[in-house]
Amino acid sequence: MAQTVRVALPRPVRQLFDYRVPEGMDLVPGQRIRVPLGRQRLTALVVELDPPELPNVTLKDVESPLEDWPVLPDQTRELLLWASRYYQHPPGECVFAALPPALRRGAPAELPAPEYWYPATAHTDDLSAQARRQRELLQWLIRYPGQTISTIRSAGFNRSLLKALHERDLVRMATGEDINETAAPWPPAPGVSLNDAQHEVLSSIEQNTDAFQPHLLFGITGSGKTEVYIRHLQQRLVDDPEPESAQALVLVPEISLTPQTLARFEQHFGSRMAVWHSALNATERLQTWSRVRRGEPLILIGTRSAVLLPFSRLITVVVDEEHDSSYKQMEGFRYSARDLAIYRARQSGCPVILGSATPSLESLHNAGEGRFRLHRLTERAGSAGLPETRLIDVRSRPLEGGLSRPLIDQIETTIKAEEQVLLFINRRGFSPVVMCFECGTPIECPHCDARLTYHRFDNCLRCHHCGHQQALPRKCPECGEEALNAVGQGTEKTETVLQQRFPDTPVLRIDRDSTRRRGQLDEMLKPVREGQPCILVGTQMLAKGHDFPAVTLAGILDADGGLFSSDFRGPEHLAQLVMQVGGRSGRAAKTGRVLIQTCQSGHPMLNELCQGDYLSVAWKLLDERKAADLPPATFMTAFRVEGPSMEDSLTVLDELADKVAATAPDIPVLGPFPAIIARKAGRYRAQILLQHQQRPPLHRLTNQLCQYLEQKRLPASLRWSVDVDPQSLD
DNA sequence: AGCACGCCGACT
DNA sequence: GTCGGCGTGCTC
Ligand SMILES: [Zn+2]
Ligand SMILES: [Zn+2]
């Protein structure tokens, strides 16, 4: 029996706390306990028994255990503590992020098992002709057995219909404990049929499934990655000696976890499927969490935070659209669900499949280094041919709302043919580079060959490499014309210009705000689905997850913003956008066209992109990153500060930069610089970037700086944060 | 994050 | 005199 315990507390402090265990109390790691802290009483989670003694600290007593079993299994707890160290986030916040809010507050973890409903008959003949809704519900349950009351409700039925069927003994209920017998279909439903390429990939993955092995599945849009995932999951279940305790995790981006996606998996795995996403209510969250914790043999499909669920025995992990930015948490505990998924697979000694039509350079780098195995699916099922992708050179062309004459003409032709148009603009603060629209030259730093970044905040150009700062020149240093302008300007007017030019065609602006509420986006996209001619204007986000079969023309208004972005991932994201757009438009009989506006029509990457070969473009971009010592060839950490004035924010970061220069002179510091969107909600934001070839020294330095900042206690008006492996540098 | 302690201004 | 503002510091 332990004398003392080390615990995580739900407090934003980068440390753990120790307590004395009273006589006769038996504690295990992962258990929740009640402890005193100062004058408060808190729910804590045990992370270590009998830790090394702390000098000069008198320990307080543990008050009481909340249950006599660990709410977090060993593997999940280890994952969270590792992530806490890796991402330099307070351990208590990481650990408690993995508990449903009710359990964080200390609610009992014993839960009534959820109730699952099954048909008690194979047909609907016994129902009277009048009972139309009951019949529909019964038919639905026959097709999708094993539903809970909440899934029944979300399918549009209600409790009284269910009760009526129950009274006639046409349906029956089972609790979680019986799930193994009732889990349908088992053995798995007849497999999806695979083509030769899919078979080859599958058998190559199956060669070595008893050990940890990451697989990168490069599959162009429409090549059937999902079928491979499904067959792989079936195979893993069939091969497992104990399928009744086997769990699997499928991560998907926020936007693509639709009822259709779920239905597709349910077709094959029935009630083994469970869902996890941000729209679940507290009860659903707690129930699903508990099912996972109880070790039910689930295949869990979910978004980012699903990777933190308390799985006890994972037999495989899938990360779909692995390049998707929504896998990285952008505030608080800034973890990458993709990277944690790989860590989990390593813990579980199982395979992990990362799939994408446009793999991240991080994953390609891992494949290139032999850490991931690369598989390809390059055949597009179905009839639609590859889209035709062309560049429009907009040098010395007048732009109207960011639109060139040739693009407007093409839009007109498309609308007249009763087809749809998709236009991509860059998001706010995306392209802070100043370029000459006469000769296409971006303004470069006089001291290095880096491009200067335009900061609207003070109307200055800065070099993020050497710190050089200058005013905006009047004339182009290259050709002398007064044609300098920030790239991507005028896109606020795109919508208005289009509306004036095409008054009879709906122009739909889709942005972050319009997706905020679920369903609202669906409503807006109604004319799109119905296939009536319309023009959609939106950011990169539009290219994710949605298929637009009636769209035959896609336009990228400002490729230069991506090419010359201050974020070194700009070109990668541009290449992904072009491929995703091409893959999603013109699915049906019509072949789509993609038009890219640029001042760099001779740019090798853009031209190669038009050939549709993502991998070959991506390998070249990766070489450029290596040559420039940028991730994934090196490692990066960002420190950000926000405060009531830019001066205050920069001062803190200056101090931090000095500290780096003093303690780790071999680690280069970029910045401090005002953030591209320098002012947000009346607060001024700035950042520095630290970079190094090796992770351990950078990690040590990051850790020192965090400790320094934490014990320094900045005034409450200043807030700082650290971002390990930052994914967006704006 | 809480929550106390502490040290100055305007209220009964 | 003392109620209460929130700046600073600590929590095993
Ligand atoms: Zn420079
Ligand atoms: Zn010029």
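Values below: every heavy atom of this structure, side chains too, minus hydrogens, waters and symmetry copies. Order of the sequence lines sets the chain letters (A, B, ...), proteins ahead of strands, with each chain counted from 1.
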Would you mind reporting whether Val35(A) and Glu63(A) have side-chain heavy atoms less than 4.5 Å apart? no
Whole angstroms only, please: what is the NZ-C1' distance between Lys712(A) and dG9(C)? 15 Å
Nearest-angstrom distance from the residue atom CG of Leu9(A) to C1' of dC3(B): 15 Å
Distance-only, no hydrogens or angles: does the Ser348(A) side chain make a donor-acceptor pair with backbone N or O of Cys350(A) under 3.5 Å? no
For Arg713(A), answer base if it contacts any base atom (sugar-phosphate contacts may also be present), sugar-phosphate if it contacts only those atoms, and nothing otherwise; contact means non-hydrogen atoms under 4.0 Å. base
If I take atom CZ in residue Arg105(A) and atom P in nucleotide dA1(B), what distance separates them, rounded to the nearest angstrom? 19 Å
Which part of the nucleic acid, if any, lies within contact of Pro715(A), taking any heavy atom under 4.0 Å across all strands shown: a base, the sugar-phosphate backbone alone, or nothing? nothing
Between P on dC12(C) and NZ on Lys60(A), what's the gap in Å once rounded to a whole number? 4 Å
Within this structure, what is the NE2-CG distance for the pair His455(A) and Asp458(A), rounded to the nearest 0.5 Å? 7.5 Å
Could you tell me how far apart Leu714(A) (CG) and dA1(B) (P) are, to the nearest whole angstrom? 12 Å
Between Gln15(A) (CD) and dC12(C) (P), how many Å, whole number? 10 Å
Sorted by number, the residues of residues 37-58 of chain A with heavy-atom contact under 4.0 Å to DNA chain B: Arg39(A), Gln40(A)
Looking across every strand, which nucleic acid part, if any, lies under 4.0 Å from Val35(A) by heavy atom: base, sugar-phosphate, or nothing? nothing
Quick one: Glu710(A) CD to dT11(C) P, roughly how many Å, whole number? 13 Å
For Glu362(A) versus Arg569(A), what's the shortest heavy-atom pair and its separation? OE2-NH2, 2.9 Å
On the nucleotide dC12(C), are OP1 or OP2 found under 4.0 Å from the side-chain N or O atoms that Arg6(A) carries? no
Could you tell me if the ring centre of His692(A) sits under 6.0 Å from that of Phe635(A)? no
Give the rounded distance in Å between these two atoms: CZ of Arg34(A) and P of dC12(C). 15 Å
Would you mind reporting whether Arg334(A) and His89(A) have side-chain heavy atoms less than 4.5 Å apart? no
Criterion side chain to side chain contact (heavy atoms under 4.5 Å, CB included) against Phe311(A), the qualifying member of Arg293(A), Gln247(A), Gln347(A): Gln247(A)
